[in-house]
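Notes follow the structure.
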Amino acid sequence: MALMIEATGLTKRFGKTRALDGLDLTAETGRVVALLGPNGAGKTTFVRAVATLVRLDGGVLRVGGYDVRRDAAAVRRIIALAGQFAAVEPAMTGRENLEMVARLSGRDRTSARSSASSVLDRFGLAEVADQLVRTYSGGMRRKLDLGASLVGAPRLLLLDEPTTGLDPRSRIELWDAIRELVGQGTDVLLTTQYLDEADNLASDVVIIDHGRVVAAGTPSELKQRVGGKIIEIHARREVDVARIAQALQHLDHGEVHLDPATRRVSVSVEDSGSELMHTLKAVEGIELEDVSLRQPRLDEVFLALTGHPTSDRVLERAVS
Amino acid sequence: MALASMSIGRTTGLGVSTLQIAQRALLRYLRTPQLIILGTVQNALFLLCFRYVFGGAISLPGISYVDFLLPGFITTSVLFSGIGAATVVAEDLEQGFVDRLRSLPIPRLSFLAGRALADTAWNAWGLLVATGVGFAVGFRIHSSLLDALAALGLCVAFGFAFEWFFILLGLMAGTPQAAQGMALIVFPFTFLSSAYVPVATMPGWLQAFAAHQPITYMVDVVRALTQGAPAEALLGHSTGYWVSGALLWTLGIVAVFAPLAVLKYRRS
Ligand SMILES: Nc1ncnc2c1ncn2[C@@H]1O[C@H](COP(=O)(O)OP(=O)(O)O)[C@@H](O)[C@H]1O
Ligand SMILES: [Mg+2]
């Protein structure tokens with residue numbers, strides 16, 4: 001298998017901060033890689049490095065076989081970047097934005113026009129194509145930004161937190177758009193803070209923190225290590241928290257976590273359907289506020305994979 | 001090495017990319033009517049204050065105050081539009097437009113070239129508006145049309161020179177607000193020049209600075225070219241003196257700030 005991204009020992013410092021601290025990562029062609037990590041983990045720095053926008057302090061980074069330092073121009077011809085903020089021009093229409101990027105990607109006028117039209121159709125923006133982007137919603141801007149990164153027909157698409165700040169519906173629409181691209185053979189490297197996003201879109205997930213890789217694997221491999229979904233029970237009275245925990249311990253799922261302060265007990269389960277039934281039976285008679293079955297949060301994944309919480313969590317605790 | 005066969009896309013020429021970037025920059029100005037109207041009204045108010053409030057207190061030999069003032073007002077308009085230019089450059093950096101451009105296969109310098117082109121065109125438009133307002137409040141040309149056009153051309157050149165200073169500010173500022181704040185430094189500089197009052201009326205130590213700083217040369221060359229002999233007499237030098245001084249300053253500013261802006265852009 002040929003490698004699309006090959007990073008060895010990348011380091012990048014900003015003053016005292018080590019944004020990348022010996023990061024190793026390989027991505028094969030034909031894959032969708034999700035870089036998952038909390039705020040400040042170094043995701044944006046890595047994506048910008050792949051896009052030839054960061055001067056690395058150390059390490060070797062090859063994209064599509066080209067060294068980002070020596071062959072930056074060649075790398076730029078195969079990648080496209082949709083950054084953390086939608087870089088579309090509010091004072092231009094959707095169509096004008098796309099035609100501009102297409103022209104800048106080396107297309108002539110006719111071909112820029114047709115590729116802009118086809119991107120607008122594909123992302124369901126045809127109706128608003130000739131309105132100023134100023135009037136677009138956040139979700140529409142994101143889609144347009146994604147579209148703008150496609151008009152040059154890149155081999156590798158870089159998406160930095162593509163759905164952060166979007167409402168749930170726009171988020172799903174954007175996921176669909178990304179999946180469709182992948183179906184057409186574009187490789188994607190995306191960053192996210194959401195486990196479900198990585199799970200939904202990626203064939204490989206790389207978890208990073210403090211500029212280093214913490215864990216990597218396919219979503220199902222990682223889930224096995226983390227343990228499927230989480231059942232969380234919210235007790236009405238504090239005295240019941242321990243009783244619930246005890247009942248769950250007997251079911252022998254996984255490690256049971258107690259949080260007396262919020263009166264919550266959680267446990268990770270493999271086969272969510274039947275185990276939820278068992279769990280409910282086990283706590284029958286205890287007054288409950290709420291029971292939920294959910295994806296593990298990023299902090300729970302970190303805890304399961306590394307045995308220590310994320311930096312974010314530490315911070316939260318220190319503050320609260 | 002399977003990827004060595006990876007299709008290498010096209011590269012875009014400097015001309016096309018510069019024009020595309022300039023077009024975007026101009027559309028951004030043109031499609032923000034609030035900005036245009038506010039800017040014009042502000043300018044006009046500023047002019048009216050000087051013309052009718054201070055104008056009465058200032059009398060000059062051989063030349064009316066409005067004819068003295070307007071060259072100052074028109075010339076310094078390129079500095080005031082520079083504040084906007086610095087802000088927009090910082091915005092393009094902050095909002096990811098520059099990142100997108102840098103990840104595209106275009107010559108690196110096309111961003112700066114496109115900005116300089118668009119802002120210079122925008123300045124030229126601003127100069128025409130300022131001149132129009134000037135005529136409306138009584139400004140007249142007392143030389144040849146050719147000289148007046150030469151003055152206008154020089155103002156465009158001054159705007160182009162200062163553009164590099166403002167691009168550098170925008171690149172260094174970090175945020176658009178900071179860029180705007182830093183660019184406001186042009187205010188004291190215009191007041192410490194011959195733009196609104198003759199340098200001769202200032203205290204000696206200030207005259208030493210005001211008489212030699214670039215804005216004074218640029219304003220006075222426009223005075224000499226539009227007002228002819230009375231202006232030459234008042235300013236104490238021939239038109240040729242002001243032309244060469246203004247051109248030297250223009251070249252000097254480009255020679256210093258264009259390379260600095262390019263360096264800063266390459267670095268960041
Ligand atoms: N231009 C910069 N100047 C100073 N510090 C930076 C800069 N870019 C990133 N950092 C720091 O590097 C670390 C990693 O940042 P980043 O890559 O943006 O993380 P993420 O995208 O995962 O949130 C953070 O601590 C951030 O504050
Ligand atoms: Mg980020």
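Letters A, B, ... are given to chains in the order of the sequence lines, protein chains preceding strands, and every chain is numbered from 1.
Within a 6.0 Å radius of CZ in Arg122(A), other residues, nucleotides and ligands contribute more than 12 heavy atoms. Crowding of Arg13(A) atom CZ: a count of heavy atoms from other residues, nucleotides or ligands under 6.0 Å not exceeding 12. Enclosure of atom OH in Tyr196(B) by more than 12 non-hydrogen atoms of other residues, nucleotides or ligands within 6.0 angstrom is indicated. With a 6.0 Å radius and a threshold of 12 heavy atoms from other residues, nucleotides or ligands, Arg134(A) has its CZ atom above the threshold. Taking a 6.0 Å sphere around CD1 of Ile185(B), one finds it holds 12 or fewer heavy atoms contributed by other residues, nucleotides or ligands. Heavy-atom neighbours of Gln184(A) CD from other residues, nucleotides or ligands within 6.0 Å: above the threshold of 12. Heavy-atom neighbours of Trp175(A) CH2 from other residues, nucleotides or ligands within 6.0 Å: above the threshold of 12.
For a residue to count as touching a neighbouring chain, one of its non-hydrogen atoms must lie under 4.5 Å from one of that chain's; by this rule Ala82(A) touches chain B with backbone and side chain alike. With a 4.5 Å cut-off on non-hydrogen atoms, Leu158(A) does not touch chain B at all. For Ile79(A), the parts lying under 4.5 angstrom from a heavy atom of chain B are both the backbone and the side chain. Residue Glu94(B) touches chain A through its backbone alone, counting heavy-atom pairs closer than 4.5 Å. Proximity to chain A (any heavy atom under 4.5 Å) is restricted, for Leu101(B), to the side chain, taken from C-beta onward. Of the two parts of Gln20(B), the backbone and the side chain both hold a non-hydrogen atom closer than 4.5 Å to a non-hydrogen atom of chain A.
Of all the listed residues (Thr52(A), Leu132(A), Leu53(A)), the one sharing the greatest number of non-hydrogen pairs under 4.5 Å with chain B is Leu53(A). The choice from Gln95(B), Gln23(B), Arg267(B) that makes the most heavy-atom pairs within less than 4.5 Å of chain A is Gln95(B).
Using a 4.5 Å heavy-atom threshold, the side chains of Arg76(A) and Leu104(B) count as separate. Between Arg107(A) and Val16(B) there is no side-chain heavy-atom pair separated by less than 4.5 Å.
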Begin from the C-alpha positions of Ser149(A) and Arg100(B) and carry the test side-chain contact (heavy atoms from CB on, under 4.5 Å) through to its verdict.
CA-CA 8 Å; Ser149(A) 55; Arg100(B) 162 150 292 152; 3.8 Å; yes

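When all heavy atoms are compared, the tightest approach of Pro105(B) to Leu104(A) is CD-O, 4.3 Å.
Contacts between residues 137-148 of chain A and chain B, defined by a heavy-atom separation under 4.5 Å, are made by Asp145(A), Ala148(A). Using a 4.5 Å cut-off between non-hydrogen atoms, the part of residues 87-103 of chain A that approaches chain B consists of Ala87(A), Glu89(A), Ala91(A), Met92(A), Thr93(A), Glu96(A), Met100(A), Val101(A), Arg103(A).
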